[in-house]
2 protein chains.
Amino acid sequence: MASIKDVAAEAGVSVATVSRVLNDHPSVSSDARTRVLRAVAALGYRPNAVARSLRTDQTRTLGLVISDVLNPYFTELARSVEEEARALGYSVIIGNADERPDLQDHHVRTLLDRRIDGLLVSPTDGGSPLMLDAARAGTPMVFVDRWIPGVEVPVVRADGQSAVRDLVAHLYGLGLRRLAIIAGPAATTTGSERVRAFRTALAEYGLSLPDAYTGQGDFQAESGRRVTEGFLDLPEPPEVVFAADNLMALGALDAIRARGLRVPDDIALAAFDDIPWFVHTDPPITAVAQPTGELGRAAVRALVDRIEGRPPQSVTLPARLVVRRSCGESPTATTPTTTTPTTTTAAATTASTATNRSMP
Amino acid sequence: MASIKDVAAEAGVSVATVSRVLNDHPSVSSDARTRVLRAVAALGYRPNAVARSLRTDQTRTLGLVISDVLNPYFTELARSVEEEARALGYSVIIGNADERPDLQDHHVRTLLDRRIDGLLVSPTDGGSPLMLDAARAGTPMVFVDRWIPGVEVPVVRADGQSAVRDLVAHLYGLGLRRLAIIAGPAATTTGSERVRAFRTALAEYGLSLPDAYTGQGDFQAESGRRVTEGFLDLPEPPEVVFAADNLMALGALDAIRARGLRVPDDIALAAFDDIPWFVHTDPPITAVAQPTGELGRAAVRALVDRIEGRPPQSVTLPARLVVRRSCGESPTATTPTTTTPTTTTAAATTASTATNRSMP
DNA sequence: CTGAAAGCGCTTACAG
DNA sequence: CTGAAAGCGCTTACAG
């Protein structure tokens, strides 16, 4: 592979001049410039980014450590992060922690070894010492979605409180009173916050959240299934299961069907994190939707601000409730009768986005 | 950040000795070794991978260019690729081409500039000249899933022919005769191959594939919707729509529902590429399943073989048919009656994997 | 076993 | 405007 020396030789100039042309340095004669450019084209020369990084001490690369790539929420987040990063001239390397602290550590370490310019993290558990050390040592860092309290790192996230309140209002309006939640890991902020928001909203309606109606999940489908089975085994099972993320909702759906029960007739189901597939499940699932793409973009902007010496900003964006059919007919729905599944399906999915009736 | 010089100073040895300790070079006295290790720990030293790469001319990094991260098939592929790469001591940088040739080019270029040790590609269109030049210039490369004929690059992919034949047998057995396909881009191998396999299988049953029943999609949901609308507008619409990938199948499902039609009663639906969500759609979708994880791992092994000087091997793995309810009751099913949706649902999803009845 | 030195491919003050 | 030279942080023949 041709190096800058080859180009210099071919163009009959020094490597310094080649470098200047390549970096658009103003003081280069137009004659030298054309000769260099010609040589570059002739040799198919491409600057070695590794060498450039070593010299300039910047890699134009961002690290993104997420907790589970297979979760569509994080896939979409990753996608929007890459998009915005690319627009700003950065590449991104994704590390998938798979909800495993050791893997999270592995990726943080690898990313740091590669001297990425900044790190975007959605911490899996309380966050590793490694990560916190890096933040303290001055590695530009921004938390997305999940964060770690008490650390001097900007946070870009969604606030689901009012959407969860809307959800509880919706459920209450449907006459539902026994509401249960499948929680995420308490060590994650999203895990604990969603339970808190739910409990607070219930309290506003004079409802409580008994321990029996609080199941401990880990954001993966299997835990949703397990917890739901526990709920169904209760002498008095809940009327609604609210899963703190989309994968656990799917597990819950499996568990419910495995008993031969129907959603929403026998038990209602709702989820935190809306994903395109929820329009297509049977029935379509009511969910709290985060502005995922916007979160990813805002996180990148905050991180790049930090990297390039501008003051970074924490951002909190509102989530919103998307009502579908998994909790029963909304009292505000125009169809007063218990419609047949078929009719409702057809009506509810004229266009997938049109299905999203936000709460007033 | 501490450099090797700092460690050397702290340990009272030369940088050469530090380097030897770090790289497990045998000829280091145990005294020197312990002093270096102590210094490394004291300073929290981590070798700079950029500098190391420049010197050794290897980055221990693989590039993976896929056509669409939001497609669960590719997400899973990416995940398995990263897993196997990690096991072999490599990192992977993912580039999402979003089915756009220009983006594919962007990522190939960026990856090459970063001097990745090898490239895993699922080409978006016919493949860019850039990519082919790189392959010819000796960049270790392996195609996964899609490939480009006539290039000296190992291919790791699934063969769907027999699964597609099983699908057609299944449909034929259900009495269906008017079968249509939503094709992928003809420029991609998977786009053209799947149509060919379908046509061949139809021929075995004395059925033809008229032009009107061949719609041109682009592997994205929206195209599935559009093509399906065209099918439904036909004077004699097909009885079955087979989508060449999972996203187009979802688009088809939308289009069908938008007309107030039911699957499978009014029209049957099947897809290439099985994904976890297909168990949860209404109805669960019959699909041709690729051994995605195995493909990803095999691709990495082939690439690393190539990188490390061993002869790489092309691999073709069989896909298999997974029958669900979107084409109607299988004639081999035990329930002879037209079961109510509810009962079937409950019975069919006792466990999500138990639903997968492979064709005999 | 150990260290001084060269060199990977760049960028960038410095001098002219 | 241009080039010689230093240096980024490593690894590795070479000499001892």
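In what follows, chains are A, B, ... by sequence order, proteins preceding strands, each numbered from 1. Please read all numbers here as calculations on a predicted model, not as lab measurements. Computed from heavy atoms alone, side chains included, the values below leave out hydrogens, waters and symmetry copies.
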Sugar-phosphate only, base, or nothing, as touched by B/T17 at under 4.0 Å among non-hydrogen atoms: sugar-phosphate
Salt-bridge criterion met for A/R297 and A/E294 (N-O under 4.0 Å): yes
CA sep, side-chain torsions, deciding dist, call: B/R86, A/T110, side chain to side chain donor-acceptor pair (under 3.5 Å): CA-CA 11 Å; B/R86 176 155 34 83; A/T110 305; over 6 Å; no
Sugar-phosphate, base or nothing in reach of B/N48, heavy atoms under 4.0 Å: sugar-phosphate
Interface limits on DNA chain C, where chain B has a heavy atom under 4.0 Å of a nucleotide atom: C/dC1 to C/dG9
B/L54 vs B/R20, nearer the 5' end of DNA chain C by closest nucleotide: B/R20
B/D98 and B/R100 ion-paired at < 4.0 Å: no
Any donor-acceptor N or O pair under 3.5 Å, side chains A/R115, A/T61: no
Trace of the side chain to side chain donor-acceptor pair (under 3.5 Å) decision for A/Y73 with A/D145: CA-CA 10 Å; A/Y73 168 76; A/D145 185 47; 3.1 Å; yes
Pair assignment for D/dA4, Watson-Crick or G-U wobble, requiring both distances under 3.5 Å: none
Between D/dG16 and D/dT12 - C1' atom distance, rounded Å: 16 Å
Under 3.5 Å side-chain donor-acceptor pair for A/R52 and A/T59: no
Sugar-phosphate, base or nothing in reach of B/S27, heavy atoms under 4.0 Å: base
Under 3.5 Å on both distances, the Watson-Crick or G-U partner of D/dA13: none
Sugar-phosphate only, base, or nothing, as touched by A/S19 at under 4.0 Å among non-hydrogen atoms: base
